[in-house]
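Predicted model only: the values in this text are computed from it and were never measured.
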Amino acid sequence: MNEKNPLLTFFVGVALLGAGLYWLFNSVTVESGFHFGAFRIGSMDVSSGLVIVPLIIGVFWWVMKPDSFFAKVMTVLGVVIIVASIIASVHFYFQRRSLYEYSIMILMIVAGAGLLARVLLTGNGNDKNDKKDKRNKKDDNNDYNQYLK
């Protein structure tokens, strides 16, 4: 790859990273659903219908006393419990792939991220030319100083 073209390095990094992530994400199957109508909080099984109870209590309390801080906290807590129960019910399953395929996926992701980081974090993606430019400026100053003497 041409070391003098950071834009090309950037686009190659984006392509590698995007292709690797796409391939990895296509290798995952996502399923959701409660098993036996319940989920676990610690060691306690909670029926999937009971997760709405804190929200009902919070909204009822908030309607009865609109200025109550604890009613608002209970309502927010009810929403958080419902969202957490939905997230907790999601399961990820990796499809069967060979070690070679997973290695290629991971290497594409890492190489793409490395190229992007080199371009974005170092400024221009070309460390060798930076050192040469600094040496040339130093040499120019020496030449100029010789003429002053």
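- L16 and A111 get closest at one heavy-atom pair: CD1-CB, 4.2 Å.
- Listed by first and then second residue, the side-chain hydrogen bond (donor to acceptor under 3.5 Å, both in side chains) pairs involving residues 97-111 are S27-R97, Q95-R97 (not counting sequence neighbours).
- With sequence neighbours excluded, the residues that form a side-chain contact (heavy atoms from CB on, under 4.5 Å) with V53 are L50, I57.
- Note on W23 and F92: same hydrophobic cluster, where clusters join Ile, Leu, Val, Met, Phe, Trp and Tyr whose side-chain heavy atoms are under 4.5 Å apart, directly or indirectly.
- For residues 53-62, the set of pairs meeting the side-chain hydrogen bond (donor to acceptor under 3.5 Å, both in side chains) definition, not counting sequence neighbours, is empty.
- T29 has its side chain out of reach of F94: every pair of non-hydrogen atoms, C-beta onward, lies at least 4.5 Å apart.
- The minimum heavy-atom distance linking V119 with F10 is given by the pair CG2-N, 3.9 Å.
- For P54 against G78, the heavy-atom pair with the smallest separation is CB-CA, 3.9 Å.
- Both V14 and L120 are members of a single hydrophobic cluster when ILVMFWY side chains are connected at heavy-atom separations under 4.5 Å.
- Both I56 and I81 are assigned to one and the same hydrophobic cluster, defined by single-linkage of ILVMFWY side chains at heavy-atom distances under 4.5 Å.
- Under the rule for a side-chain contact (heavy atoms from CB on, under 4.5 Å), the partners of F25 that lie at least two apart in sequence or sit in another chain are L21.
- Distance check: I109 CD1 to I104 CD1 gives 11.5 Å after rounding to the nearest 0.5 Å.
- Rounding to the nearest 0.5 Å gives a distance of 11.5 Å between CE of M105 and CG of L107.
- Under the side-chain contact (heavy atoms from CB on, under 4.5 Å) criterion, V73 pairs with F69, sequence neighbours left out.
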Steps toward side chain to side chain contact (heavy atoms under 4.5 Å, CB included) verdict (R118, T9): CA-CA 9 Å; R118 186 169 93 190; T9 305; 3.7 Å; yes

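- Not counting sequence neighbours, the partners of L55 by the side-chain contact (heavy atoms from CB on, under 4.5 Å) test are I52, V59, T75, V79, I82.
- K72 NZ: more than 12 foreign heavy atoms inside a 6.0 Å radius.
- A 4.5 Å side-chain heavy-atom check between M108 and L17 finds every atom pair outside the cut-off.
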Show your working on side chain to side chain contact (heavy atoms under 4.5 Å, CB included) between Y93 and V30 and close with a plain yes or no. CA-CA 6 Å; Y93 299 103; V30 180; over 6 Å; no

